[in-house]
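All values reported here derive from a predicted model rather than from experimental measurement. Atoms within a ligand are numbered from 1 in the order they appear, just like the ligands themselves.
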Amino acid sequence: MNKPQHVAIIMDGNGRWAERRGQPRAIGHRKGVEAVRNAVKAAGENGVKYLTLFAFSSENWNRPQQEVSDLMGLLKFFVRRDLAELHNENVRVHVIGDRRGLSADILALLTEAEDLTRENTALNLVIAFNYGGRDDVTRATRTIAQKVAQGLVDPARITEQTISDCLDTADIPDPDLIIRTSGEMRISNFLLWQSAYSEFIFLPCLWPDFDEEEFRKALKEYACRDRRFGATTDRAAAAAT
Ligand code: FPP
């Protein structure tokens, strides 16, 4: 079966999950953390090497202050509670997104998670936190512009690889598959540059209901996709071998 090396997920629908039950949105986010655990487990069991989770976007600051604070609290709760187990399971944690603007305690926890798990070799868990695709490209552009100003980079020699190397995902392969839950069909400023040739699967289930069965269903659908990267089927197959 054709398997994705990198699966990225837009975890959507926590609020609706809670509202449908007459509960506060915070309860939906809390259930969402359980679904995160399911996704990590399912990714590992299905031989996925990179799992990226869109946990907090650069636009999520526009939510009510209490909800922003709930989401920050849940990230801290997740890292504090699950880091030892992730490390035990040989999971390497990466964090992408703009670290400026994050509180000192969140920064310290994220750095601790990355440092502790740096040598791990099973699953790579990439947490996108305060992440926006346009912001990623903007920050990369600034880095390249600084190098040009210092005479380190010749503008005529800037390639796609130069840009990829300056993104937060420099050491991470592009996602093969992007899953979005909750039936919404848009990318919402997720991995804009990196998703140029990703396959998309939109699942109707709300994120708190996402489980190993949903993950397997998505992998099965991915296996039927014919990825051509702009070429013809036979040429794409030849390039892949
Ligand atoms: C979208 O649902 C979900 C989010 C904005 C946050 C996702 C966060 C978590 C699942 C918990 C923390 C994550 C980690 C990695 C510990 P929504 O609130 O937009 O739902 P709605 O569209 O139904 O309102």
Chemist: Would you say ligand 1 has an N or O under 3.5 Å from any N or O of Arg25?
Modeler: yes

Chemist: Any Lys/Arg nitrogen of Glu59 or Arg134 sitting under 4.0 Å from an Asp/Glu carboxylate oxygen of the other?
Modeler: no

Chemist: Provide the number and element of each atom of ligand 1 under 4.0 Å from a heavy atom of Phe78.
Modeler: 16 (C)

Chemist: Side chain, backbone, both or neither: which part of Glu19 comes within less than 4.0 Å of ligand 1 when only heavy atoms are counted?
Modeler: neither

Chemist: Could you pull out all residues at least two apart from Tyr50 that satisfy ring pair (Phe, Tyr, Trp, His ring centres under 6.0 Å)?
Modeler: His6

Chemist: At a 4.0 Å threshold, what atoms of ligand 1 neighbour a non-hydrogen atom of Asn60?
Modeler: 5 (C)

Chemist: May I ask you to check whether over 12 heavy atoms, not counting those of Lys76, lie within 6.0 Å of atom NZ?
Modeler: yes

Chemist: Which of the atoms of ligand 1 are close to Ala55, meaning less than 4.0 Å from one of its heavy atoms?
Modeler: 6 (C), 7 (C), 8 (C), 13 (C), 15 (C)

Chemist: Measuring from Ile96:CD1 to Asn130:CG, what's the distance to the nearest 0.5 Å?
Modeler: 11.0 Å

Chemist: Residue-level breakdown please: for Leu53 versus ligand 1, do any non-hydrogen atoms fall below 4.0 Å on the side chain, on the backbone, on both, or on neither?
Modeler: neither

Chemist: Pair up each side-chain donor or acceptor in residues 143-157 with any protein partner under 3.5 Å, not counting sequence neighbours, and list the distances.
Modeler:
{"from": "Thr143", "atom 1": "OG1", "to": "Arg139", "atom 2": "O", "distance (Å)": "3.0"}
{"from": "Asp154", "atom 1": "OD1", "to": "Ala156", "atom 2": "N", "distance (Å)": "3.0"}

Chemist: Under 4.0 Å from a heavy atom of Trp207: which atoms of ligand 1 are those, numbered in the order shown and with their elements?
Modeler: 10 (C)

Chemist: Under 4.0 Å between a Lys/Arg side-chain N and an Asp/Glu carboxylate O for Arg99 and Glu114?
Modeler: yes

Chemist: Checking a contact table here: which protein heavy atom is nearest atom 1 (C) of ligand 1, and how many Å away?
Modeler: Met11 O, 3.1 Å

Chemist: Side chain or backbone, does Leu75 bring an N or O within less than 3.5 Å of an N or O on ligand 1?
Modeler: no

Chemist: Enumerate the atoms of ligand 1 whose separation from the nearest heavy atom of Arg63 is less than 4.0 angstrom.
Modeler: 5 (C), 17 (P), 18 (O), 19 (O)

